[in-house]
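Note that ligands are numbered from 1 as they come in the structure, with each ligand's atoms numbered from 1 the same way.
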Amino acid sequence: MNFIQIADVHLGAAPEAGRRDDGQREKEIWDSFYKVIDICEEKQIDLLLIAGDLFHRQPLLRELKEINYHFGKLSRTKVVLIAGNHDYIRKDSRYLQIAWSENVYPLFETTLHRAVIEELDLAVYGFSYDRREIREARYDEAYAPRDMKYEILLAHGGDETHIPIKKAKLKALGYDYVALGHIHKPQMLLKDYAAFSGSLEPLDQNETGRHGFLLGEITEKGTQIRFVPFAKRQYIHLHLTVDIEMTHGALRGKIKEEIEQNGTAELYKIILEGQRDPEIVYDIEDLDYYGNIVEILDHTVPAYHYEQLYERNKENLLGRLIGHFMECEPESIEYQAMCEGVSAILAAMEERS
Ligand SMILES: [Mn+2]
């Protein structure tokens, strides 16, 4: 039996995508989800597991009808899903108001239930969130009964306020596989036994690295899982070091070149470091050549010759300021504050002269 595991798709979310974005990022998340369904059909996958937070917020009825239509077209794949902390089952949840296609097995109860799929000799266990937070370690005792050939646990959580999970407890449950959602970074928690697929598409600038889904196979010999990179885009953090020689134009060219090397379709956070020419102020907007930068952090400091300045200004405010902070670490807030203070005083002195 083979399966695809996705989680944390967060349909309805609109992640930051830079100046170039015109709402397309929100649509890309939907597109990726539908593409996974297409793959299930093409590859004749037996089982699609959705480990919670399919939606970023409460789903709308028309959205679920659309999704159910796509599920219903699958000729082979069975779909099992639970709701997570984002799309949790409220009393009036639209999840409960859909007549799901017969190949869809929702586990929307709030206690452990199972979906039995006779054709696959399989039972999938799980429950859904009925609120935003669950602090109890509710998977700790969710043992596999071992009365079917294959038994899978579909689970959502793993942090302090969303069902804490301990590896040793999970291992002792005795499933063939535990499909996990909630943690957005793909992670093999226990090799070929328990894994987070991570979010299908990265959802904010700190979700760097590859995103996608898990492809698994369970046979009599055991379980095998592998990660399939699939996301349309990734967030990349670029650290660039400037020096005193670097002009604004040169920096702009350098950023453009780095982005071309890493891919112009990706989304970037740029962190500028090093010592810049004290005369230069970088025009942050102007550095975003492709419109795919979500943030630029300017951590550069002006390259003053502080010791010389100190010697010449011992008797005045400027000298006292430098004398006080000169020994601080260049990365520290104190040092940065000194740099800015020095710039301000120098600018004021220049104006007066
Ligand atoms: Mn979650």
The Mn ion (ligand 1) to nearest N/O/S of His162 less than 2.8 Å:
no

So, is Asp8 placed with an N/O/S atom under 2.8 Å from the Mn ion (ligand 1), counting both backbone and side chain?
no

So, do Tyr193 and Tyr175 sit near enough that their side-chain heavy atoms are less than 4.5 Å apart?
yes

On the 0 to 90° scale, with breaks at 30° and 60°, tag the Trp100-Phe71 ring pair as parallel, tilted or perpendicular.
tilted

Ring centroids only, cut at 6.0 angstrom: are Tyr139 and Phe127 within range, meaning strictly under it?
yes

Within 2.8 Å of the Mn ion (ligand 1), is there any N, O or S atom belonging to His156?
yes

For N/O/S atoms only: which one belongs to Asp53 and is nearest the Mn ion (ligand 1)?
OD2

Hey, can you tell me if Trp30 and Phe55 have their rings parallel, tilted or perpendicular (30° and 60° cut-offs)?
perpendicular

Using salt bridge (Lys or Arg N to Asp or Glu O under 4.0 Å), reason through Glu285 and Arg19 one step at a time and then give a plain yes or no.
CA-CA 10 Å; Glu285 288 269 296; Arg19 202 158 42 81; 5.5 Å; no

Vertex the Mn ion (ligand 1), ends Asn85/OD1 and His182/ND1: angle to nearest 10° comes to 100°

